[in-house]
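Remarks on the structure that follows.
Just so it is clear: chains get the letters A, B, ... in the order the sequence lines come, proteins before strands, and each one is counted from 1. Not measured: the values here are computed from a predicted model.
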Amino acid sequence: MVRVRFAPSPTGYLHIGSARTFIFNWLFARHNGGTMILRIDDTDVERNTDESLASIFEGLRWLDLGWDEQYRQSERFHLYREAAQALLEKGFAYRDFTPPDAKASAEEGEGKSGWLCHPEMRALSREESDRRAASGEPFVLRFRVPREPERTVAFRDLVYGEQSKSTADIEDFALLRSSWAPTYHHASCVDDADLRITHIIRGQDHLTNTFKHVLLFEALGAEMPAFAHLPLLIAPDGAKLSKRRHGPVVSVLIYRDAGFLPHAYVNFLCLLGWNPKDDREKMTREELIEAFTLEGVNRSNAVVNFTEEDPIDPKALWLNSQHIYSLPAEKLAELLEPVWRSAGYEVSREKALRVTPLIQERIKTLNDAVAVADFFFLRELAPYDAAELIPQKGDRALALRVLEKALAVLPDGDFSHAAIEERLRAAASELGVKAGQMFQPIRVAVCGRKNAPPLFETLEVVGRETCLERIARAIELLKRES
RNA sequence: GGCGCUAUCGUCUAAGGGUUAGGACGGAGCCCUCUCAAGGCUCAAAUACGGGUUCGAAUCCCGUUAGCGCUACCA
């Protein structure tokens, strides 16, 4: 039974790279019929904030993937202490009484020689160690990395292949701080063992930490999980994505706020560092689950393409438009309604349903619908330049003739788009003007701009009364300007 | 500094000894067309560098360079 976990620590919002790690874990679990676990790694009391925790949940909820079990490390401290105690008993760990500032200065003095361990502390007898601890002297508990004989720690990463490192290059890392709070390494391994995690899928920044974890799992007597490290997501400047350097673009929430479909965003993130081994790009959630394997994960870091002017990756935008396009119109309308409403438009269910098909292939984000569809909802058109009313290769007089003809021909008869087209085309040939010259002034009069959805469908949805009003107003405008 | 990882068009990537090095986004152009979009077609655009191994290297090996990661009582 596959069990995987996503283990964020609440020290910031949900980072785009973390989101991808979550998604890959989730996909792996679903593909294998396994269990997805969310574990909040909040062992660093100093840096954790409730605000950050809330924002991580907000991001995760928006992704709309879900998880099966949930844990919080701050509620499991007893586990880490018990494990630490056992490690100490068995000689896998030792107390280091060196004060924190003394260590720093020692390192400076000795250059690089002091980083591995403190031989005196490692060699402290159990009796003296116990005595000093009992007397209340603060210490950190360190893992006793096997030194003599020096040996090689090895594991096979499911993405990066065989990995090995000499214990001579692994330092005696801390397990417990002087506050008795566990460090990341300790809490993480104890939990992974306790929760029977079968596959640890996480960022490549943990690849070298894994040697320590292998040692810890062995000492804990735990079954060794499989490891799979993921290439990192980096900024266009090649640096690690950070809030400090790159601003809020590293948060998943800006994609939500920009009007992304969560499915499209998930799709985009999947294509960063993974591919289905065929040419598919736009994939549904089901297709992703079906196609996802660790073999498809590659090894080099991927750039999230954004600029200072535009925080959204162009490929993400394109994928979003593809997902919007393949949504059933009723579903899209449902999503668009609140967007329009919050822009201050008066929108009924029925109106939303009629407008949506006209703009569906013209929006890349949900938010685009505000600007693209304004004239369907606004009673009064935003002011526009009268010159826009004048068609290509035409003049003001032609525009006036066209609009007056439209005003004559539109009030009677069927107002369906087919009937409108028929009448307008007939009117154009009567006038002896090209169809385009006929349609353009009407489009601008009704929509307030040159670029809009197909004219006849648009007129139909806008409605006869409003169309006539707007055309009349355009005529006034033209006359006033001349 | 030490240790580890990585290197194909601007970006995401395919090809894992034999291909005119393929696709996608973005860019340019053309077609379609009532405008815009969508769609179709075309073009420009890459194997970091140097050595090996081999009949043959983007692919395997070594070195160089560059980038990233770890080297905390952060995670």
Tell me which nucleotide among rA37(B), rG4(B), rC68(B) gets nearest to the side chain of L232(A).
-> rC68(B)
Which value, in whole Å, describes the distance between the C1' atoms of nucleotides rG67(B) and rC73(B)?
-> 31 Å
Could you please name the partner base of rA57(B), counting Watson-Crick and G-U wobble pairs only when both distances are under 3.5 Å?
-> none
Under 4.0 Å between a side-chain N/O of K364(A) and OP1 or OP2 of rA38(B), yes or no?
-> yes
Would one find a side-chain N or O of Q163(A) under 4.0 angstrom from OP1 or OP2 of rC5(B)?
-> yes
Whole-Å C1' distance, rA21(B) and rA57(B) | 13 Å
In terms of side-chain heavy atoms of D44(A), which of rA75(B), rC70(B), rC5(B) is nearest?
-> rA75(B)
Any residue meeting side chain to side chain donor-acceptor pair (under 3.5 Å) with D169(A), in chain and number order, not counting sequence neighbours = none
Apply salt bridge (Lys or Arg N to Asp or Glu O under 4.0 Å) to D44(A) and list each qualifying residue two or more places apart in sequence or on a separate chain.
-> R47(A)
With rounding to whole Å, what would you report as the distance between rG29(B) and rA38(B) at their P atoms?
-> 15 Å
H185(A) side-chain proximity, nearest of rA75(B), rC73(B), rU13(B) | rA75(B)
Salt bridge present between K212(A) and E171(A) (N-O < 4.0 angstrom) = yes
Can you tell me how far P in rA72(B) sits from the matching atom in rA24(B), rounded to whole Å?
-> 47 Å
Report the distance from atom CG of D374(A) to atom C1' of rC36(B), rounded to the nearest whole Å.
-> 14 Å
Take atom CG of D395(A) as the centre, draw a 6.0 Å sphere, and report whether it contains more than 12 heavy atoms from other residues, nucleotides or ligands.
-> yes
Assess whether one donor atom and one acceptor atom, taken from the side chain of S178(A) and the base of rC73(B), lie less than 3.5 Å apart.
-> yes
Residue T43(A), side-chain atoms from C-beta onward, closest of rA37(B), rA75(B), rA38(B) = rA75(B)
Which pairs with one or both residues in residues 146-159 of chain A pass salt bridge (Lys or Arg N to Asp or Glu O under 4.0 Å), sequence neighbours excluded?
-> R147(A)-D172(A), R151(A)-E218(A)
From rC3(B), rC12(B), rC70(B), pick the nucleotide closest to the side chain of D205(A)?
-> rC70(B)
To the nearest Å, how far apart are K165(A) NZ and rG2(B) P?
-> 13 Å
Give a yes/no answer on whether the side chain of K277(A) brings an N or O atom under 4.0 Å of OP1 or OP2 in rA14(B).
-> yes
Determine which pairs satisfy side-chain hydrogen bond (donor to acceptor under 3.5 Å, both in side chains) with at least one residue from residues 360-370 of chain A, sequence neighbours left out, and list them in order.
-> T365(A)-D368(A)
Of D169(A) and E361(A), whose nearest nucleotide on RNA chain B comes first from the 5' end?
-> D169(A)
For A369(A), the side-chain contact (heavy atoms from CB on, under 4.5 Å) test, sequence neighbours excluded, returns L336(A), W340(A), I359(A), I363(A)
Which protein N or O atoms sit under 3.5 Å from an N or O of nucleotides 27-34 of chain B?
{"from": "rC34(B)", "atom 1": "OP1", "to": "R425(A)", "atom 2": "NH2", "distance (Å)": "3.3"}
{"from": "rC34(B)", "atom 1": "O2'", "to": "R443(A)", "atom 2": "NH2", "distance (Å)": "3.1"}
{"from": "rC34(B)", "atom 1": "O2", "to": "R443(A)", "atom 2": "NH1", "distance (Å)": "3.2"}
{"from": "rC34(B)", "atom 1": "O2", "to": "R443(A)", "atom 2": "NH2", "distance (Å)": "2.7"}
{"from": "rC34(B)", "atom 1": "N3", "to": "L455(A)", "atom 2": "N", "distance (Å)": "3.4"}

Taking only residues at least two apart or on different chains, which pairs with a member in residues 293-311 of chain A satisfy salt bridge (Lys or Arg N to Asp or Glu O under 4.0 Å)?
-> none
Which part of the nucleic acid, if any, lies within reach of H229(A) when heavy atoms closer than 4.0 Å are counted: base, sugar-phosphate only, or nothing?
-> nothing
Ignoring the backbone of R299(A), work out which of rC25(B), rA75(B), rU6(B) is nearest its side chain.
-> rU6(B)
Of the listed nucleotides rA7(B), rA75(B), rC5(B), the one nearest the side chain of Q204(A) = rC5(B)
Validation row: N320(A), F268(A) side chains within 4.5 angstrom (heavy atoms) = no
Look at all strands and tell whether N209(A) reaches a base, only sugar-phosphate, or nothing, counting heavy atoms closer than 4.0 Å.
-> base
P gap between rG18(B) and rG1(B), integer Å = 39 Å
Note: I200(A) and R5(A) closest approach over all heavy atoms is CG2-NH2, 3.7 Å
Expressed in whole Å, how much space separates the C1' atoms belonging to rC49(B) and rU6(B)?
-> 16 Å
Comparing Y325(A) with A452(A), nearest RNA chain B nucleotide closer to 5' gives the residue A452(A)
Counting just side-chain N and O atoms, does R449(A) come under 4.0 Å of either OP1 or OP2 of rC36(B)?
-> no
Separation of E137(A) atom CD from rC73(B) atom P, in whole Å?
-> 17 Å
With the side chain defined as heavy atoms from C-beta on, E281(A) is closest, among rC5(B), rA24(B), rA75(B), to rA24(B)
Ranking rG39(B), rC25(B), rC3(B) by distance to the side chain of Q322(A), first place goes to rG39(B)
Within this structure, what is the CG-to-P distance between L230(A) and rU6(B), rounded to whole angstrom?
-> 14 Å
Atom NZ of K434(A) with >12 non-hydrogen neighbours under 6.0 angstrom = no
Expressed in whole Å, how much space separates the P atoms belonging to rC12(B) and rG26(B)?
-> 16 Å
Got a salt bridge between K315(A) and D313(A), using NZ or NE/NH1/NH2 to carboxylate O under 4.0 Å?
-> no
Between the protein and nucleotides 20-22 of chain B, are there any N/O to N/O pairs under 3.5 Å, and if so, what are the atom names and distances?
none

Kindly state which residues belonging to residues 302-315 of chain A come within less than 4.0 angstrom of RNA chain B, counting heavy atoms of the residue only, listed by number.
-> A302(A), V303(A), N305(A), P314(A), K315(A)
Would you please name every residue forming a side-chain contact (heavy atoms from CB on, under 4.5 Å) with D374(A), sequence neighbours left out?
-> Y345(A), L378(A), R449(A)
rG4(B) C1' sits how many Å from N301(A) CG, rounded?
-> 13 Å
Hunt down the Watson-Crick or G-U wobble partner of rU20(B), both distances under 3.5 Å, from any strand shown, or write none.
-> none
Can you check the E171(A) CD to rC3(B) P distance for me, whole Å?
-> 14 Å
Quick one: list whatever passes side-chain contact (heavy atoms from CB on, under 4.5 Å) with A228(A), sequence neighbours left out.
-> L158(A), V159(A), I201(A), L294(A)
Can you run down the ring-ring contact (aromatic ring centres under 6.0 Å, His included) pairs that involve residues 420-450 of chain A, sequence neighbours left out, and say none if there aren't any?
-> F439(A)-F456(A)
Rounded distance in Å - CZ (R47(A)) to P (rC73(B)) = 13 Å
Looking only at atom C1', what distance separates rC55(B) and rG23(B), rounded to whole Å?
-> 32 Å
